[in-house]
Protein chains: 2
Amino acid sequence: MANETTEKPPLILENFLPYRLNKAAEAISQRFASLYREQYGLTRPEWRTLATLGQFGVLTATAIGAHSSMHKTKVSRAVFALEQRYWLRRKRDEADRRIENLELTPAGRKVYADLAKVAHAFEAELLSNLGPRGEKELKAGLAALEAYFR
Amino acid sequence: MANETTEKPPLILENFLPYRLNKAAEAISQRFASLYREQYGLTRPEWRTLATLGQFGVLTATAIGAHSSMHKTKVSRAVFALEQRYWLRRKRDEADRRIENLELTPAGRKVYADLAKVAHAFEAELLSNLGPRGEKELKAGLAALEAYFR
DNA sequence: AATAGATCGTCACAATTGCAACTAAATTGA
DNA sequence: TCAATTTAGTTGCAATTGTGACGATCTATT
């Protein structure tokens, strides 16, 4: 008599890092997304575009895409949507007329400033639930991952 | 004269946990996905379905969705695709005829076993690049997150 | 200059996903 | 017992996303 009952599945998803990482990221993203969706009706690509511009001031669509790993059509559409609401405007670049220099309008900056606060509050809430230990570990682990990708 | 040059953006994406987590998860997922896509032409939902079934043996579509957080239509389509390739089969449940008990075929199990190996190799490669320290931290951080979600 | 090749952003179209309605079957409870 | 509700899975349709081609512009090479 042997290993009939001892058959172990070749892969346990709950222990598999890409799976765990993905599930955690997805869960957090959705929670956070519900905030900016409910408060400002923003989609994920729109929020990312807003946040990237808010942080860097003036950028091209391509630069936004490169920084936040979004496809250029996604950025293009998000830019259009934000422009419609007058939260963003395009400025022709005199030196290179293919380029559009994108910038938040005052209204856009206001939304951004508010959402930045929401983001910090969200993060603080999250971290407080991880405890100082969990926070330290998570941040260090992420840093290790990020170093690996570079 | 004051803080013209000291203006800090309200939110630094590179420090924002949901953003970091998401980018890391996305980067890893894509790398791993390229493996099962190239080797077996599987999509993400298909791989997830295969892996879940491989781990648990027999499950309903609903159970697969619940476990891997996939929408039921996504599961339905993935099941259909795997069935087409004879990697999965449905068994009517005699006690409850609404239910389909899904199970990998021998061919499906073979693919699964192979991909499980690929998965472990992938994870091992990743972990070796994080070092024992990074591995420990990342796993602990994820565990803290997972505990929070529960 | 002039041509070839690269880059920026957009659009049409195709593939993927999500939502809501649906069929079939089981459960509930009056 | 049988109508009302719930559950499992599929399908049609709408929204979202990705792909490839495009016009416009810039850069490099000759």
Side-chain angles (χ1 to χ4, degrees), chain A residues 22-23 25-27 29-30 33-34 36-38 40-50 52-53 56 58-85 88-103, chain B residues 22-23 25-27 29-31 33-34 36-38 41-50 52-53 56 58-85 88-103:
Chain A
N22 226 333
K23 256 197 133 175
E26 196 50 44
S29 277
Q30 283 198 354
S34 76
Y36 55 72
R37 186 167 34 78
E38 281 161 20
Y40 289 103
L42 285 168
T43 66
R44 212 111 106 52
E46 285 159 23
W47 152 251
R48 281 194 175 198
T49 299
L50 186 84
T52 310
L53 273 177
F56 294 103
V58 179
L59 288 177
T60 65
T62 302
I64 295 174
H67 185 267
S68 59
S69 7
M70 286 194 293
H71 195 252
K72 54 186 196 157
T73 59
K74 233 182 197 173
V75 178
S76 175
R77 284 153 183 158
V79 165
F80 180 74
L82 294 174
E83 188 186 29
Q84 292 290 321
R85 307 201 211 188
L88 166 160
R89 75 163 173 274
R90 313 176 191 237
K91 294 189 305 180
R92 263 237 141 329
D93 186 306
E94 288 311 319
D96 184 343
R97 300 205 313 281
R98 292 170 303 183
I99 283 175
E100 299 182 333
N101 291 111
L102 306 170
E103 194 178 32
Chain B
N22 227 328
K23 255 197 134 174
E26 196 50 45
S29 277
Q30 283 197 354
R31 286 166 191 235
S34 75
Y36 55 71
R37 187 168 31 78
E38 281 161 20
L42 285 169
T43 66
R44 212 113 106 51
E46 284 159 22
W47 151 251
R48 282 193 175 197
T49 299
L50 185 84
T52 310
L53 273 177
F56 294 102
V58 178
L59 288 176
T60 65
T62 301
I64 294 173
H67 185 267
S68 58
S69 5
M70 287 194 292
H71 192 115
K72 57 185 193 155
T73 60
K74 232 181 198 174
V75 178
S76 175
R77 285 154 184 158
V79 165
F80 180 74
L82 293 174
E83 189 186 28
Q84 292 290 321
R85 309 203 210 187
L88 166 162
R89 75 163 173 274
R90 314 175 191 237
K91 294 189 305 180
R92 261 232 144 327
D93 186 306
E94 287 312 319
D96 184 342
R97 301 206 311 281
R98 294 171 302 184
I99 284 175
E100 298 182 333
N101 292 110
L102 305 171
E103 194 178 33

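Values in this document were obtained by computation on a predicted structure and should not be read as measured data. Order of the sequence lines sets the chain letters (A, B, ...), proteins ahead of strands, with each chain counted from 1.
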Please report the closest heavy-atom contact between Ile99(A) and Arg92(A), naming both atoms and the distance. O-NH1, 3.6 Å

For [X] and [N], what is the distance between atoms [atom1] and [atom2] respectively, to the nearest whole Å?
X: Lys74(A); N: dT19(D); atom1: NZ; atom2: C1'; result: 14 Å
X: Leu59(B); N: dA8(D); atom1: CG; atom2: C1'; result: 14 Å
X: Ile64(A); N: dC8(C); atom1: CD1; atom2: P; result: 13 Å
X: Leu42(B); N: dT16(C); atom1: CG; atom2: P; result: 13 Å
X: Asp96(B); N: dT7(D); atom1: CG; atom2: P; result: 12 Å
X: Glu100(B); N: dA26(C); atom1: CD; atom2: C1'; result: 16 Å
X: His71(B); N: dT16(D); atom1: NE2; atom2: C1'; result: 15 Å
X: Arg44(B); N: dT17(C); atom1: CZ; atom2: C1'; result: 13 Å

When you compare the side chain of Arg48(A) with that of Pro45(A), does any pair of heavy atoms fall below 4.5 Å? no

Do the non-hydrogen side-chain atoms of Lys72(A) and Thr62(A) ever get within less than 4.5 Å of each other? no

Once hydrogens and angles are ignored, does a donor-acceptor distance under 3.5 Å link the base of [N] to the side chain of [X]?
X: Arg77(B); N: dG12(D); value: yes
X: Arg97(A); N: dG9(C); value: no
X: Arg90(A); N: dG9(C); value: no

Across the strands shown, which category fits [X] at heavy-atom distances under 4.0 angstrom: base, sugar-phosphate, nothing?
X: Thr60(A); value: sugar-phosphate
X: Thr73(B); value: base
X: Lys72(B); value: base
X: Ala78(A); value: nothing

Output the single nucleotide from dT11(D), dG9(C), dA8(D) whose closest atom is nearest the side chain of Thr62(A). dG9(C)

Of the nucleotides dA25(C), dA24(D), dT17(C), which has the atom closest to the Arg98(B) side chain? dA25(C)

Taken to the nearest 0.5 Å, the spacing of Asn22(B) CG from Glu26(A) CD works out to 7.0 Å

5′-ward residue of the pair Arg92(B)/Leu102(A) relative to DNA chain C: Leu102(A)

Measure the acute angle between the ring planes of His67(A) and Phe56(A), then classify it against the limits of 30° and 60° as parallel, tilted or perpendicular. perpendicular

